[in-house]
Asker: 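My questions all concern the structure below.
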Amino acid sequence: MKVLFVGATRGIGRALARQLAEQGDELFLLGRDLVDLERSARDLEVHGGRPAGGVGIGACDLGAPEGFAGALDAADQALAGGFDTVVVTGGLFAGQDQLEADEIFTRALLNVNFTGTVLFCEQVRKRLLARGGGTLCVFSSVAGERGRKPVILYGAAKAGLSHYLEGLDHKFRARGLRVVTVKPGFVKTGMTAGLTPPPFAGEPEAVAATVLRAVKRGKPVVYAPSIWRLVMFVIRLLPRFVMRRIGF
Amino acid sequence: MIRSTRTPTLVGWGRVPRVSGRELLSEDLAAITIDVPLARGLGRSYGDSSLPAPGDGVVAGSVRADRVLAFDPETAVLRAEAGFSLHQLIRLLLPRGFFTPVTPGTQFVTLGGMVAADVHGKNHHRDGCFGQHVLGLRMRVADGRIVDCSPTVERDLFRATLGGMGLTGHILEVTVRLKKIPSPWIAYESVRVPDIDAYIEALKAAGPVWPMTVGFIDCTARGKSLGRGVLIKGRWANPDEAPTHPPPRRRALSVPFDFPSALINPLTIRVFNALGYYKHGARLRQGIVHPEKYFYPLDQVLHWNRLYGPRGMTQYQCLLPDAAGPGAARRFLELLVKHKGASPVCVVKDCGPEGLGLLSWPKPGISIAVDFPVRDRTQALIDTLNDHVVKEGGRIYLAKDAFTRPSHFRAMEPRLAEWEAIRRQWDPEGKLRSRQSVRVLGDHGARAGVVVTATRSRAR
């Protein structure tokens with residue numbers, strides 16, 4: 001595969017990018033911090049057994065849609081024949097208390113996690129459809145499954161994103177666009193480092209392996225760790241009077 | 001997300017002591033090491049080396065900072081973030097013909113931890129400690145700056161950091177020259193030896209011939225059989241004698257829960273020791289063996305420390321110098337038997353010259369390592385052993401220690417004053433410390449009223 005990756009420097013993205021590199025896929029990394037991208041590119045070259053310079057990088061901020069076209073051009077140029085797979089794990093995160101106290105960051109988070117990511121996927125969709133299809137794998141979250149006290153704002157953006165991705169799958173799968181929506185539960189990464197892991201917390205490597213299997217099969221929705229499918233099924237069934245009383 | 005009000009605790013591999021404290025984890029190690037007193041890796045030191053000092057309550061964890069930053073197959077030079085583990089290194093680079101120049105007895109350690117403890121292996125008599133192969137370090141020092149050091153640049157900081165237990169600054173990146181290996185398999189030869197004197201003689205005789213030597217002795221056998229054991233000699237196999245396929249991935253077992261503390265008792269220990277001796281048989285064994293089976297037999301059982309139960313375990317590892325004369329090992333074992341210091345595993349290795357690291361503990365002599373289940377009398381036992389080791393001119397390995405008293409350590413370590421002077425120069429206010437440094441080196445813990453910002457309680 002020729003993979004365009006947004007968010008390969010950290011967490012599940014880092015683990016997933018390594019697994020792609022190790023199975024021999026070509027990678028091009030997009031992100032905000034070029035110095036950090038450079039370090040991840042070297043890491044992925046060693047994991048993939050490629051020479052230095054074998055993994056390209058480019059600047060792209062999911063909060064700044066004006067840069068998307070240029071970033072996608074750069075990726076298409078670096079990956080001979082253009083990318084056929086796009087993975088988006090990048091996004092912002094903060095707890096509900098922090099977001100309630102910080103309107104500026106809330107605006108940035110909603111903008112990046114919903115508006116920016118959707119606009120990015122729109123451009124990717126057009127390019128992939130123009131070349132006969134491909135795979136678009138985007139990280140949403142179990143936080144988007146139900147309005148819940150600890151993740152109201154974050155979850156709202158992820159709910160919108162999940163809906164958008166579901167619609168894409170319905171409309172374009174027949175034309176060769178495979179949309180994979182990833183809904184990670186709690187995973188022990190830098191993003192969640194300040195929080196106490198609940199039961200069923202996942203490790204990034206195991207979650208990445210689950211996602212990779214889903215990408216290979218073109219599975220439209222993947223919960224990882226997969227126990228979260230059951231957890232969220234139960235959560236969705238809970239009546240409102242219960243949801244009002246519990247802290248989850 | 002769910003937040004529990006349970007206070008988080010941290011432990012070392014021996015699971016004694018258990019202290020309240022939180023580990024900060026991030027891919028951005030440089031960010032989380034600002035204004036924290038200590039960093040830790042995979043927590044494989046046995047005692048309190050990787051635990052926060054009383055009142056600190058927080059350590060920076062390096063394990064998420066695990067990227068390879070450069071690797072040149074021509075020169076075998078690897079640069080990586082401090083949390084890159086030996087396990088990953090082997091998985092990635094053993095199939096390509098590279099191995100760490102020095103390995104401890106487990107692969108679940110980070111590069112940062114290998115530097116901080118200046119780990120040694122079965123090849124110490126020939127290749128020295130890990131630090132001898134380190135070309136440079138990037139560190140976050142106490143005043144907040146990021147400093148590069150090496151054998152030529154900021155040499156004092158470099159010397160004090162090898163084996164410095166993370167007390168001179170937080171290690172962010174490590175540059176090390178790996179070893180090119182002829183094949184990924186090990187050729188070995190092992191023999192049974194009837195007693196401790198014969199064992200030491202065979203160990204020392206094998207040194208010039210074999211790059212790697214190690215042995216397990218029965219530390220419960222008495223009288224004529226005192227210190228009987230099995231000596232294993234090894235080298236990297238040549239391509240013509242090794243299997244053509246790469247070593248297969250080995251599946252590890254796991255101890256799923258705490259066993260009762262009483263499981264490891266004098267009787268089971270005796271049986272286990274004798275079994276190890278008789279199972280080998282009297283004849284010479286030789287052959288080609290899987291590198292993980294050779295280097296990391298204990299890694300085959302994940303969480304094996306749980307076999308010791310909730311009371312935990314400790315390891316006592318000391319160096320008895322050649323200068324103590326012949327019979328040093330026998331004297332140590334006699335003392336051990338007399339004081340009923342029974343250990344399921346007793347490892348004896350050959351050590352070569354002192355390295356660059358100011359607190360690296362190996363020097364010419366032999367290393368003896370014994371595991372003890374922690375009991376009420378463990379402190380007294382270790383005091384007795386330390387008295388003896390001081391008399392013999394030996395010293396102990398801090399990465400294993402949870403019980404040594406400051407007076408004993410000072411008596412063992414003539415280089416401590418120089419190390420402390422360098423440390424003061426880089427950390428005049430004494431910001432960096434661990435539970436071990438407070439216990440053994442006399443560091444001051446956090447004073448009352450000093451609030452460490454990162455420890456704010458999550459309890460609600």
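What you see is a predicted model; the values in this text were computed from it and never measured. Residue numbering restarts at 1 for every chain, and letters A, B, ... go by the order of the sequence lines.
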Asker: Is it true that atom CZ of A/Arg229 has more than 12 heavy atoms of other residues, nucleotides or ligands lying nearer than 6.0 Å?
Answerer: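 Enclosed.
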Asker: Quick one: closest heavy-atom pair of B/Ser26 and A/Arg10, and the distance?
Answerer: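 So the two residues come closest at OG-NH1, 4.4 Å.
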Asker: How far does CG of B/Leu93 sit from NE2 of A/His47, to the nearest 0.5 angstrom?
Answerer: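 Taking CG in B/Leu93 and NE2 in A/His47, the distance rounds to 9.0 Å.
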Asker: My understanding is that only residues two or more places apart in sequence, or in another chain, count here; which of them pass salt bridge (Lys or Arg N to Asp or Glu O under 4.0 Å) with A/Glu145?
Answerer: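 Salt bridge (Lys or Arg N to Asp or Glu O under 4.0 Å) list for A/Glu145, sorted by chain: A/Lys183, A/Arg236.
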Asker: For B/Ala30, is it the side chain, the backbone, both, or neither that has a heavy atom closer than 4.5 Å to a heavy atom of chain A?
Answerer: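 Nothing of B/Ala30, per the 4.5 Å heavy-atom cut-off to chain A.
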Asker: Is A/Leu237 atom CG crowded by more than 12 heavy atoms from other residues, nucleotides or ligands, each under 6.0 Å away?
Answerer: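 Buried by this count: over 12 neighbours within 6.0 Å.
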Asker: Should the pair B/Glu27-A/Arg39 be classified as a salt bridge under the 4.0 Å nitrogen-to-oxygen rule?
Answerer: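 Result for this pair is no, no salt bridge flagged.
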Asker: What residues of residues 66-75 of chain B sit under 4.5 Å from chain A when only non-hydrogen atoms are counted?
Answerer: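 The stretch touches chain A at B/Asp66, B/Arg67, B/Val68, B/Leu69, B/Phe71.
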Asker: If the condition is side chain to side chain contact (heavy atoms under 4.5 Å, CB included), which residues does A/Leu99 pass it with, not counting sequence neighbours?
Answerer: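 Scan of A/Leu99 (side chain to side chain contact (heavy atoms under 4.5 Å, CB included), adjacent residues dropped) gives A/Ala94, A/Phe105, A/Thr106, A/Leu109, A/Leu153.
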Asker: If you compare all heavy atoms of A/Val46 against all heavy atoms of B/Arg96, which two are closest, and at what distance to 0.1 Å?
Answerer: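 Between these two residues, the closest heavy atoms are O-NH2, 2.6 Å.
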Asker: State, with a plain yes or no, whether a side-chain heavy atom of A/Lys188 is found less than 4.5 Å away from one of B/Arg64.
Answerer: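 Yes, at least one pair of side-chain atoms sits under 4.5 Å.
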Asker: Would you mind telling me which of A/Ala52, A/Ala41, A/Gly11 has the largest number of heavy-atom pairs within less than 4.5 Å of chain B?
Answerer: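 Going by pairs under 4.5 Å, I would pick A/Gly11.
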Asker: Under a 4.5 Å heavy-atom cut-off, does chain B meet the side chain of A/Pro51, its backbone, both or neither?
Answerer: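 No part of A/Pro51 comes within 4.5 Å of chain B.
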Asker: Could you work out, with side chain to side chain contact (heavy atoms under 4.5 Å, CB included) as the rule, every residue matching A/Thr85, not counting sequence neighbours?
Answerer: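 Only A/Met1, A/Val3, A/Val87, A/Thr135 meet the side chain to side chain contact (heavy atoms under 4.5 Å, CB included) criterion with A/Thr85.
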Asker: With a sphere of 6.0 Å drawn around CZ of B/Arg91, does it hold more than 12 non-hydrogen atoms of other residues, nucleotides or ligands?
Answerer: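 Atom CZ in B/Arg91 is crowded, with more than 12 foreign heavy atoms closer than 6.0 Å.
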Asker: Of the backbone (N, CA, C, O) and the side chain (C-beta and beyond), which part of A/Glu38 lies under 4.5 Å from a heavy atom of chain B, both, or neither?
Answerer: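 Neither part.
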Asker: Side chains of B/Gln88 and A/Arg18, heavy atoms from C-beta outward: is any pair under 4.5 Å?
Answerer: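 No - every pair of side-chain heavy atoms lies 4.5 Å or more apart.
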